[in-house]
**Q** 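This is the structure, below, for whatever I ask next.
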Amino acid sequence: QVQLVESGGGLVQAGGSLRLSCAASGRTFSSYARGWFRQAPGKEREFVAVIDSSGGLRSYFDSVKGRFTISRDNAKNTVYLQMNSLKPEDTAVYYCAAGRFGHLDSDFGSWGQGTQVTVSS
């Protein structure tokens, strides 16, 4: 099992940027794909981005393409989500996850506790 801890959330104005980090411990970090999901109040959790174990393959939710970038540093056991040009509709709790490369909750077996991102208009 992989333990995941997110950080970097906060309050930002529309058009601003934030970088989320997710540190991993436990079983071999580099062998897992890593994903970011988010859940807004009253909505289901949705896929945001995923990166494969080597960092060579990435996929994004359509609404964040060109604004968000997922990356990973296997030497630091950490995955990042750089979020630029933030919009109020990006407001949500953001969760990182570890598992296999995919877009579904069921593709991931380990989850962090979440970090709040709030974008003011």
Side-chain angles (χ1 to χ4, degrees):
Q1 193 77 342
V2 177
Q3 289 77 46
L4 305 171
V5 179
E6 302 98 335
S7 60
L11 174 64
V12 64
Q13 289 188 330
S17 298
L18 283 175
R19 189 176 82 155
L20 306 183
S21 300
C22 179
S25 61
R27 296 184 64 182
T28 306
F29 167 82
S30 60
S31 65
Y32 292 95
R34 298 291 295 279
W36 286 97
F37 288 72
R38 66 187 182 187
Q39 187 168 22
K43 295 187 177 182
E44 293 188 353
R45 186 160 60 188
E46 65 180 11
F47 165 78
V48 175
V50 62
I51 188 167
D52 74 344
S53 58
S54 68
L57 184 62
R58 309 174 192 190
S59 181
Y60 297 93
F61 185 46
D62 283 348
S63 70
V64 307
K65 284 180 180 177
R67 299 189 298 123
F68 291 10
T69 302
I70 188 170
S71 62
R72 65 189 296 162
D73 185 340
N74 286 344
K76 295 182 178 180
N77 292 341
T78 301
V79 65
Y80 305 97
L81 186 67
Q82 178 66 45
M83 305 186 294
N84 299 328
S85 302
L86 282 161
K87 304 175 181 180
E89 52 263 43
D90 295 318
T91 295
V93 177
Y94 283 70
Y95 299 89
C96 72
R100 63 187 181 198
F101 191 89
H103 295 184
L104 303 177
D105 279 23
S106 57
D107 290 319
F108 299 89
S110 298
W111 294 84
Q113 82 289 349
T115 186
Q116 176 70 46
V117 172
T118 303
V119 185
S120 63
S121 58

**Q** Do you know which two heavy atoms are closest between Gly112 and Tyr95, and how far apart they sit?
**A**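 Minimum heavy-atom contact is O-CD2, 3.6 Å.
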
**Q** Grab the two heavy atoms, one from Gly114 and one from Glu6, that are nearest each other, plus how far apart they are.
**A**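 That would be N-OE1, 2.9 Å.
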
**Q** Answer whether the closest heavy-atom distance between the side chains of Gln39 and Glu46 falls below 4.5 Å.
**A**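 In short, these two side chains do not touch, never coming nearer than 4.5 Å.
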
**Q** Please confirm whether the backbone N or O of Asp52 pairs with a side-chain atom of Arg72, one donor and one acceptor, at under 3.5 Å?
**A**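 Yes, because the side chain of Arg72 sits within donor-acceptor range (under 3.5 Å) of the backbone of Asp52.
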
**Q** Using the disulfide bond (SG atoms under 2.5 Å apart) rule, collect all pairs that involve residues 46-121, keeping only residues at least two apart or in two chains.
**A**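 Listed once each, the pairs are Cys22-Cys96.
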
**Q** Tell me the disulfide bond (SG atoms under 2.5 Å apart) pairs involving residues 33-72, sequence neighbours left out?
**A**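 Disulfide bond (SG atoms under 2.5 Å apart) check on residues 33-72 returns no pairs.
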
**Q** Could you tell me if the ring centre of Phe47 sits under 6.0 Å from that of Tyr60?
**A**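 Ring-ring flag for Phe47/Tyr60: false, centres at least 6.0 Å apart.
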
**Q** Considering only heavy atoms from C-beta outward, does the side chain of Val117 approach that of Val119 to under 4.5 Å?
**A**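 In short, these two side chains touch, coming nearer than 4.5 Å.
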
**Q** Is Arg67 salt-bridged to Asp90, cutoff N-O under 4.0 Å?
**A**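 A salt bridge links Arg67 with Asp90.
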
**Q** If I compare all heavy atoms of Leu20 with all of Tyr94, which pair ends up nearest, and what's the gap?
**A**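 What the structure gives for the nearest pair is CD1-CB, 3.6 Å.
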
**Q** Is the backbone N or O of Asn77 less than 3.5 Å from a side-chain atom of Asn74, with the two atoms forming a donor-acceptor pair by type?
**A**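 A pair under 3.5 Å: no.
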
**Q** Quick one: pull up CZ in Arg38 and CZ in Phe68 and give me the separation to the nearest 0.5 Å.
**A**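 Reported value, rounded in 0.5 Å steps: 5.5 Å.
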
**Q** Using side-chain hydrogen bond (donor to acceptor under 3.5 Å, both in side chains), reason through Thr78 and Asp73 one step at a time and then give a plain yes or no.
**A** CA-CA 5 Å; Thr78 301; Asp73 185 340; over 6 Å; no

